[in-house]
Every structure is written in C-alpha cells, then in structure tokens.
Number of protein chains: 2
Amino acid sequence: MEQNCIDIRDQIMSQKLVKSVADALYVIGGKWKLPIIIALFAQSKRFNDLKRAVEGISARVLSNELKDLEANGFIKRRVYEEDTPVSVLYELTEYSNSLEEVVLALGNWGESHLLKLKAALKEVQS
Amino acid sequence: MEQNCIDIRDQIMSQKLVKSVADALYVIGGKWKLPIIIALFAQSKRFNDLKRAVEGISARVLSNELKDLEANGFIKRRVYEEDTPVSVLYELTEYSNSLEEVVLALGNWGESHLLKLKAALKEVQS
DNA sequence: CTGTATCCCATCGGATACTG
DNA sequence: CAGTATCCGATGGGATACAG
C-alpha cells in the first residue's frame, strides 16, 4: 500500500494521471455510458431490449447515447433489413473489451461501498 | 482473457455488477468528484488551491461538491481558527484510499485511449 | 419495432457581487 | 482567504406524439 501510494502520487504530480482520468471521464463518464456498455457485455441487444435492460433510461436519451458510443467506437449497429419490421442489433466492438478492468474496478468498489453503507446503517439503528 | 470474459458475464448476469457499478457511479460519478479526489491524493489543499488545481471548476460548484464528498466520508474539512484570516484544509480520509484501484484503472484506460486517438488521427492525416 | 420531433420544465452552472 | 447569494442563460431530459 505504501508503495502504491508513492506510485499514485508520482503519477498525479506529473499531471499524467489527472489528464488521463479526465480524458476517460470525458468519453465514458455520465450517467448512462457504462450501464449501457455493461448491458451489452452480457449480450448484444436490440433497441427496446436495451431500453428495458438499462433501468430508467428513456428512448430519447438512449438514442443519443448510442450515437455517441458508436461515434467513439464502443458499439456497432447491425441492421437486419430483411426482417419486417426491420430489426437492429447493438453489439460491443472489440475495443469495448479494453474497458473490462475499469468496469470490474468500479464494480468491486461499488460493492464494498454498499456493504460499508449497510454496516454503517446497522450501527446507527442499534 | 477468455476466462475473464466468462467471469464478467457471470457477474453481469447475476445483476450484481450492474447494481455495484450503478452504486459507484451514484457516489463518485459526475464531472468533478474524481478530479477533486485526485487533486487531494497528491496533497491536502485549501479551498482556493484546490480550485486552481481542478481546472475549470467554479467556486460555487467546488463548494457544493466538497459538501457532498464530506457527507459521503471521502474528505475531511480541517479548520484552523487561529489563523487570520481563518484557513481551511481539505484532506482525504482513509476511506478515499479504497478508490485507488478505480482511479488507476481509469487512468490507465484513459491514457491508452488517448494514444489510440492520436494514432487514429495520424492515420487520417497521412 | 426503431427511432425522431416537439414541447416544456427542472436542474446545472457561470458570472458577479458580496460577507465574515 | 473561504465561501455564499442571486441572477439568468444553457442544457438535460421526461412525456407525448408521430414516422418509417
């Protein structure tokens, strides 16, 4: 931990970490980007399936987010013209796999944070 | 990678990862939370130092974010009444150290993403 | 089904001025 | 220095209706 601490401070001092994180947040920050990507990690989905999978998102916002994610190379939009009505499948690109470490780190942290909150709540109630 | 892939899908299927990431984003998501925490990782700072360190943030927003971060146990506000004018030092709590993995993961990803963008840009220009 | 367009309100957040 | 108060324009995003 001590070693890590020195490590992270060095990176911060050099402003590299600051810029890198800012850049990451710019691209995958926001309320919906990661939840959408996670939903697609599990399985490629069509528009309305995706809408149902990402709890609380509206069609309008989902549509905008998908355009953004596609423009940034995270997802691919596959259209099946032969279906009637036409169906569209959204799937992750290979590049999205590079986000796995980030997603898992966030997931791990979120999980232990939730546990900490529950413990704190119990403490108050007793 | 293949093993990891199965691993991450299992977690997603169980909805655990989805909820954990959503929880994490709820607490440390947003434009400024992590940049502020990173700035304090390097060194504890006073209000205006912090404002200068976090590029682009306004006093109003910084003030709000700090209250939020303090309420969630990430930072501690240390007041030095004996100084004139009174000075206030913001420092990370022990709990913030748990974010190191998340910060480093985001930093690593952001850095390689930036490199990829630069490479792509060069490709276009040539 | 897969979106888009419009309306409209709530929230965000910058600028500025001000207080202790 | 360390913020807070107010004003106000920009943006986000829900609801609804509609189109291909």
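Phosphate contact (OP1/OP2 of D:dA2, side-chain N/O of B:Arg46, threshold under 4.0 Å): present. One finds a side-chain N or O of B:Ser58 lying less than 4.0 angstrom from the OP1 or OP2 phosphate oxygen of C:dG14.
Here D:dG20 presents its C1' atom at 15 Å from CG of A:Asn48, a figure rounded to the nearest Å. Across the protein-nucleic acid pair, B:Asp83 atom CG and C:dG20 atom C1' stand 15 Å apart, rounded to whole Å. Nucleotide C:dG3 holds its C1' atom 13 Å from the CG atom of A:Leu50, rounded to whole Å. The NZ-C1' distance, from B:Lys31 to D:dT11, rounds to 12 Å in whole Å. What separates CZ of B:Phe47 from C1' of C:dG20 is a distance of 15 Å, to the nearest Å. In this entry the distance linking CD of B:Glu82 with P of D:dA2 reads 13 Å, nearest Å. For the pair A:Lys33 NZ and D:dG12 C1', the computed distance is 12 Å after rounding to whole Å. Taking atom OH on A:Tyr90 and atom P on C:dT2, their separation rounds to 8 Å, with Å as the unit.
Note that the CG atom of A:Asp49 and the OG atom of A:Ser87 stand 10.0 Å from one another [nearest 0.5 Å]. A distance of 6.0 Å separates CD1 of B:Ile57 from CD of B:Glu65, quoted to the nearest 0.5 Å. How far NZ of A:Lys33 is from CD1 of A:Ile38: 13.5 Å, rounded to the nearest 0.5 Å. With values rounded to the nearest 0.5 angstrom, A:Leu92 atom CG is found 7.0 Å from A:Asn97 atom CG.
Comparing A:Trp32 and A:Val86, the nucleotide of DNA chain D nearest to each residue sits closer to the 5' end for A:Trp32. For B:Pro85 and A:Ala59, each mapped to the nucleotide of DNA chain C holding its nearest heavy atom, the one lying further toward the 5' end belongs to A:Ala59.
Residue B:Arg77 places its side chain closer to D:dG3 than to any other of C:dG3, D:dG3, C:dT2.
No more than 12 heavy atoms of other residues, nucleotides or ligands shown are found within 6.0 angstrom of CD on A:Glu123.
Distance alone, capped at 3.5 Å, is enough to place a donor-acceptor pair between the A:Thr93 side chain and the A:Gly73 backbone.
For DNA chain C, the residues of residues 61-75 of chain B within the heavy-atom distance limit of 4.0 Å (strictly under) are B:Val61, sorted by number.
For the pair B:Leu99/B:Phe74, a side-chain contact is recorded, criterion being any heavy-atom separation below 4.5 Å from C-beta on.
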